[in-house]
Number of protein chains: 2
Amino acid sequence: MKTKKKTTIKDIANVLGITPSAVSKALNDHPRISKETKQAVKQIAENLNYQPNHLASALRKGKSNLIGVIVPRTNSHFFSSVLENIEKILNKEGYKVIITQSNESYRKECENIDTLLFTQVDGIIASLANETINFSHFEKIKTKGIPLILYDRGDNDINVDYIGIDDFQSSHLVVDHLVNQNCKRIAHIGGFRHTRIFKNRILGFNDALAKHNLSLDKELILEGDLTLKDGRKKMKKLLSLSNPPDAVYAASDYAALGALQVMQEHNINVPNDIALVGFSNEPFTSFVKPSITTVNQNAGEIGRIAAETLIKRINQENWKPTLTKNILNSELIIRESSKKV
Amino acid sequence: MKTKKKTTIKDIANVLGITPSAVSKALNDHPRISKETKQAVKQIAENLNYQPNHLASALRKGKSNLIGVIVPRTNSHFFSSVLENIEKILNKEGYKVIITQSNESYRKECENIDTLLFTQVDGIIASLANETINFSHFEKIKTKGIPLILYDRGDNDINVDYIGIDDFQSSHLVVDHLVNQNCKRIAHIGGFRHTRIFKNRILGFNDALAKHNLSLDKELILEGDLTLKDGRKKMKKLLSLSNPPDAVYAASDYAALGALQVMQEHNINVPNDIALVGFSNEPFTSFVKPSITTVNQNAGEIGRIAAETLIKRINQENWKPTLTKNILNSELIIRESSKKV
DNA sequence: TATATTTGTTCCAACGTTTGAACAAAAGTA
DNA sequence: TACTTTTGTTCAAACGTTGGAACAAATATA
């Protein structure tokens, strides 16, 4: 039975009759080590299948070259795309990315932070779980001096860099389009107001209505968790009103889908009777019938900027985290569900 | 400006006037340390916001308590569910889980392995990328003596524990059901044969046809990458046949959806003209019209067993990896797309 | 009272790597 | 020849934690 003993720098040193520190320097291309030694060391390292012990070097250097990402759910197209771009940029800079998911749970989010701090990551990029309304767990990261970047779901109170789209403005895009389609009574199936992005979508919605001189009817604005089920429930409520809406703007594609199902069950023509708009550009919005108009959040850019900002902060000596917002434009993707004929 | 210096075991020792090793033992509930000391140490640790340096303890103990998971794509409901269960079990056992995704790319998969080995994980749970047909990168894990478990997408040649469903048998479930619905000419939109699971679905399909005395028509079996686009392409091909099928069994839900779109564009009644079955029970299969019959893979069980097997292997001294398959039953979820009226 | 046992702690080396200081030898300069 | 500089290496300490050996004090047993 072969031994499982991993080869270390010391083994290489022994083979060549030099010291471990010479080997270390050779492997790290130290200028003072001769070409011959470097070559020999690399050769032996190769032969012995040497893999540096990251734990040891990270301990010594006080830097792990690991970046942690906290994602609410990985089964969302938006978050996977952000992730993909974060990885692309960070890998290029020599960082490895480890992902943890909160599953929208506050408790899980706290654990995620512990895992990442425990792993001694050099930086963290996170998006808040839906459940999260208290932010003290993020303070742990900040007091440790580890750079923290928030994306999509952030909060001013955390006072760090934030990258996301302009939710307020996005609601304007949606309302402008619906008004353009001759809709006069627009309802909003929104998220909980305690989440900053959903609050902004609601505020933007109200503002846009005012801009178009449409009256603001309280019973047309509903808050929920924006799941498919929630979308169904809210749509039923809207249909039961004495004066139902002629358009529905849902703050998530899943909620929009739920609403669509209910309308179809009631033989309501979408978009001619009621127009529908969702949010996030989940892939299914393009392949349901009718296809759903939605807001695209530019996931690629968000990921790229989050990663680049993090690298900047890591290299910035004595950076004191402050609220720095980086707001990107979103884009309305117009599909069948809102194009009246 | 406050200093960023992290508190160590030494700081606690200094405060209390005892040695670092006493502190270490107190924190680890060593039986020889007095109750008073333990309490005092924990109190000070709390006050100083002490977080153990995982790097140091992992280095010393030769165990990181970290488990790496490689997932082909996180934006699939099946993989997210597996992941969720892996995390649940492993967290309970005191392990932290870090996720890396291969995005179905062979190159990325190699990098993922490097990242995980670099992080000194105690074990790896992986599912192969679609692209992967050569497995030498997994040997690195094995020669290091790190336990490796494969799930869903595995290969006999890697010779480790494998957990997945019985793909051969699943095809029988599908065909039995379709035959039961009076289908006589069943087509299969399959995955590439080099991937074990897709090969087995094809073999099972053939075997089931034979069982029902249905002739095996080569032009009704197609191989592809099973994306929505691929499903569309393959369906068009099937419709162009002189004798088109009366049922389509797609080895992925996305391909099934593509096929459904094409059929609807051709005004074909699903299921009465052509019945349709997918694979994986992606959420959208339940909410498209008609809803799609599909095979549920029991993601929860797969995750649970993968995690439990890994823990077993980690604790097994001198375990020599061998091919050990754990095959679970799948379940056919019958929906509108295959229920003839 | 003498001896054995238990209890609570300190001591020290180790995990594998890195890094600045130290040093000897070789090469360059006066 | 004497001195400085350069080159290539070794030395030693450090990163933070752990755990066995050693040890002294307290307690139990004869």
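A note on names: the letters A, B, ... follow the listed sequences, proteins ahead of strands, and every chain is numbered from 1.
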Asks: Rounding to an integer number of Å, can you tell me how far A:Asp29 CG sits from C:dT19 C1'?
Replies: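 Going from A:Asp29 (CG) to C:dT19 (C1'), I get 16 Å.
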Asks: Which listed nucleotide (D:dG16, C:dT17, D:dT10) is nearest to the side chain of A:Thr19?
Replies: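 Looking only at heavy atoms from C-beta outward on A:Thr19, the closest nucleotide is D:dT10.
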Asks: N/O contacts under 3.5 Å, protein versus nucleotides 19-23 of chain D?
Replies:
| unit_1 | atom_1 | unit_2 | atom_2 | d |
| --- | --- | --- | --- | --- |
| D:dG20 | O6 | B:Lys25 | NZ | 2.5 |

Asks: Nearest whole angstrom, please: distance from the C1' of C:dC15 to the CG of A:Asn53.
Replies: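 Taking atom C1' of C:dC15 as the reference, CG of A:Asn53 is at 8 Å.
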Asks: Just by distance, with hydrogens left out, do B:Thr132 and B:Glu109 show a side-chain donor and acceptor under 3.5 Å apart?
Replies: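 The answer is yes; a qualifying pair exists.
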Asks: Would you say the side-chain atoms of A:Ser105 and A:Ser102 include a donor-acceptor pair closer than 3.5 Å?
Replies: no
Asks: Please say which of A:Arg196, A:Lys325, A:Arg153 ends up in a side chain to side chain donor-acceptor pair (under 3.5 Å) with A:Tyr162.
Replies: A:Arg196
Asks: I need the NZ-C1' distance between A:Lys10 and C:dA13, as an integer number of Å.
Replies: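 Computing the A:Lys10:NZ to C:dA13:C1' distance gives 11 Å.
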Asks: Heavy atoms, side chains only, cut-off 4.5 Å: are B:Ile12 and B:Ile18 in contact?
Replies: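 The answer is no, as the side chains (C-beta and beyond) never meet within the 4.5 Å cut-off.
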Asks: Note the angle between the end axes of the helix from C:dT1-D:dA30 to C:dA30-D:dT1, five pairs defining each, rounded to 10 degrees.
Replies: 50°
Asks: Show, in sequence, the C-alpha distance, side-chain angles and deciding distance for A:Lys88 and A:Glu84, and conclude whether the salt bridge (charged side-chain N to carboxylate O under 4.0 Å, His left out) test is met.
Replies: CA-CA 6 Å; A:Lys88 200 158 67 192; A:Glu84 211 181 310; 5.9 Å; no
Asks: Rounded to the nearest Å, what distance is computed from the NZ atom of residue B:Lys38 to the P atom of nucleotide C:dG8?
Replies: 9 Å
Asks: Any non-hydrogen side-chain atom of A:Ile99 less than 4.5 Å from a side-chain atom of A:Glu87?
Replies: yes
Asks: Provide, to the nearest angstrom, the distance between the CG atom belonging to B:Leu16 and the C1' atom belonging to C:dG8.
Replies: 15 Å
Asks: Would you indicate what B:Ile18 reaches in the nucleic acid, counting non-hydrogen atoms under 4.0 angstrom: base, sugar-phosphate, or nothing?
Replies: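 Here B:Ile18 touches the backbone only, sparing every base.
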Asks: Side-chain contact test, heavy atoms from C-beta onward, threshold under 4.5 Å: evaluate it for A:Lys63 versus A:Asn65 and give yes or no.
Replies: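 Counting from C-beta outward, A:Lys63 and A:Asn65 do come under 4.5 Å.
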Asks: Atom CG of B:Leu59 and atom P of D:dA14: how far apart are they, to the nearest Å?
Replies: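 Distance, rounded to whole Å: 17 Å.
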Asks: In this structure, how many angstroms lie between the P atom of C:dT17 and the CG atom of A:Asn65, rounded?
Replies: 16 Å
Asks: Find the distance A:Leu27:CG to D:dT9:P and express it as a whole number of Å.
Replies: 13 Å
Asks: Between the side chains of B:Ser24 and B:Ser21, is a donor N or O closer than 3.5 angstrom to an acceptor N or O?
Replies: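 Note: B:Ser24 and B:Ser21 side chains miss the donor-acceptor criterion.
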Asks: Should B:Glu111 and A:Lys96 count as an ion pair when the cut-off is N to O under 4.0 Å?
Replies: no
Asks: The side chain of B:Thr37 lies closest to which of these nucleotides: C:dT9, C:dG16, D:dT17?
Replies: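 Between C:dT9, C:dG16, D:dT17, the one nearest the side chain of B:Thr37 would be C:dT9.
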